[in-house]
Amino acid sequence: MIICITARAGGMDAQAEQRFARAPYFTFVNTETGASESIENPLIDASGGVGPRAVQMLSDRGVTVVITGHVGGNAARALAAGGFKAFAYPGSGSVADALAAYNAGNLQPISLA
Amino acid sequence: MKIAIASGKGGTGKSTVAANLAWVLARSRDIVLVDCDVEEPNLHLYFPAEETDVPVTALVPEIDFERCNFCGECGKFCRFGALAVVKDTVLTFPYLCHSCGGCALVCPRGAIKEVPRTIGKVSCSRPLPRLVLITGVLNEGEVLAPSVIKAAKMFAEGHPLIMYDASPGIACPVIDTLEGSDYCLLVTESTPFGLHDLRLAAGVAEELGIPAGVVINRSDGKDEETVAFCREHDLPILATIPFSREIASIQNRGGLIARDLPGWEERFAALSDAILEVGP
Amino acid sequence: MIRLAVISGKGGTGKTMVAAALADIGGVPQVLADCDVDAANLALLLDPRRLTTEEFRGLEVGRIDHDLCSDCGICADRCRFGAIVHRDDAWVVDTLHCEGCGVCAYVCPMGAIEMVPHVCGEIYTSETDLGNLAHARLFPGSGNSGLLVVEVKKRAVALSEGADLMLADGPPGIGCPLIATVSGMNAVLIVTEPGIAALHDLERLVTVCRRFEVQIFVVINRFDLADDICRDIEEFCAKEDLTLAGKIPFDPVVVEAVRAGEPVTRRESRATDALHGIRDRLYSDLGLI
Ligand code: SF4
Ligand code: SF4
């Protein structure tokens, strides 16, 4: 399973980011191998419709779980259609903290309806 | 002749000036008044009459799922996020679509057809024997104001005398309205706000190469700075309308001072003569 | 931090005057944002000292490389916005009309068209005696004012250290810049006036605001210019369950203050009294005082 965590910068120690499609970085964690990878969000300065575009990008990368703060309406619809699960990490800790909270079952699911 | 009425700032009384002018002109000739302020069209409030509506549509993609193999090309192409290919479906977000047609072009399987979708309407009425009012209305939450403006302007095309009421500001809808006009009447008020925004609007008219003149509205007599600006930029001041409670109260109720307040028909007639003189 | 936007639907109802007055008498640590990027007037009343200026790049637009262009004109045929024009014997992109869709770059057989960022405004941060201010200027004819609003709000957040309130002067209308302003706000204060046009716009504006989780307050400016329509507005507020935060009488002192480049609340007047009442009502409802 591949988890995507929105982040302010690359790497596991960077601070997690509350915005979804306009997050500066996406960090991907493969739960089977433990491998992680961060990419700069190419959409950060795009003018509009970033939600659906971000979801298609994550879908192409095989992501199934998203950990972020808030998800906009368009993104939520796209996430729901793609069968994603989304969880809210409201804290200001790192990507690693967010992942740990998720693994401990401490995160609330974000309603995508 | 095509006359555009514009103002950099909202609420300078642009629409009331347009309405009064149209009323005066319609006393002696045929005129078509086009409300291009499609986000907040208000001219119909001054000219209540029965309207005929024509929908304005924009083309949006429709996916043929028999052909689509979810390659994702359309979603990658669309810069507006109006399509997303996730898993085994293609989602469309029609109100984000700018109708560029790109998705249909890039689809390697010819699975995208463009279909019309209503984004607003054009309403036509004849409130006075010699006045036709054409109103563009953009539906709430839609983004394609220019399409509705173009549709409204198209309905008026071919008439000898047309007046466009632009939206406030200087963004793209204003350019779309001003384009093709022979004259631009700038309505301002004599405050620093009014002057600041008049400067912007005059700049737009100049850039488009449209001759312009100014009406100072709600003047309290202290117009020196505006007058100086107009002199410097060779903008004739064609009329000055003072602030008075009487005028405000007539206009707030949807009245027209040219019709309802003695003396004003003549003044608006003089204003219209001054404008028509510049005509081609 | 509470986020409050002053908006109006119809232009010219006195929105900026009210925003400047609240900034002046608010009495809470605040950051200011002028989201009316088309006609940014708040700064005219606040005597700002510029801290930073940045370019604003909105959408990307097409650019044709004339060394590669073979003059086939396919791009012009395909551009739905008429943005590719033949000028001085060459095809060029008219940036006033380009929507940035990228179709031309896709169809060009010579690969001569590239999408490049287009500078269409400037973003400023300033300090004023009343708090930090984020503002901007959109170049004439540029679209994308919604995105510029988002940038202004971002700057305001960055400048908000220690502030309990973000006070934004919003754009008129109900389009994209307004939506960009209202999204993420806790409350909006709608400044309207007793006129049939303003009432008509108020109804459309409320429909749009209802889509967001914002508390909606209304003030009626120059309420005594048409008592009957003022009553219609009050009835509308009651019916729609909107909080009427107060009414401001017509007062020539308002224009005098604007002309002097200062908030009206620096002068004694009936309008000033009313604005104090509005501030008390609004800020206590928002838990600021
Ligand atoms: S027509 Fe253009 S804007 Fe609309 S969905 Fe297709 S690519 Fe996107
Ligand atoms: S990007 Fe789109 S709108 Fe701009 S010139 Fe190219 S085809 Fe036309």
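Each chain gets a letter, A, B and so on, in the order the sequences are listed, and its residues count up from 1.
A salt bridge links B:E140 to C:R204: at least one charged side-chain nitrogen sits closer than 4.0 Å to a carboxylate oxygen. The pair B:D37-C:K10 does not count as a salt bridge, with every side-chain nitrogen at least 4.0 angstrom from each carboxylate oxygen. Ion pairing between C:R259 and B:E225 fails under the 4.0 Å rule for side-chain N and carboxylate O.
For chain B, the option among C:D38, C:T13, C:N41, C:L199 with the highest count of heavy-atom pairs below 4.5 Å is C:N41.
Contacts between B:S7 and chain C at a heavy-atom distance below 4.5 Å are absent for every atom of the residue. With a threshold of 4.5 angstrom between heavy atoms, B:E142 does not approach chain C through any atom at all. With a threshold of 4.5 angstrom between heavy atoms, B:H196 approaches chain C through side-chain atoms but not through N, CA, C or O. Using a 4.5 Å cut-off between heavy atoms, B:T12 does not touch chain C at all. If you measure heavy-atom distances from B:K150 to chain C, you find no contacts under 4.5 Å at all. Heavy-atom distances place both the backbone and the side chain of B:I170 under 4.5 Å from chain C. B:L138 touches chain C through its backbone: at least one of N, CA, C or O sits under 4.5 Å from a heavy atom, while the side chain does not.
Between C:D227 and B:R253, the closest heavy-atom pair is N-NH2, 4.1 Å.
Applying the 6.0 Å contact sphere to CZ of C:R63 captures no more than 12 heavy atoms from other residues, nucleotides or ligands.
Within the 4.5 Å cutoff, no side-chain heavy atoms of B:E39 are placed close to those of C:D201. Within the 4.5 Å cutoff, the side chain of C:V258 has heavy atoms near those of the B:P192 side chain.
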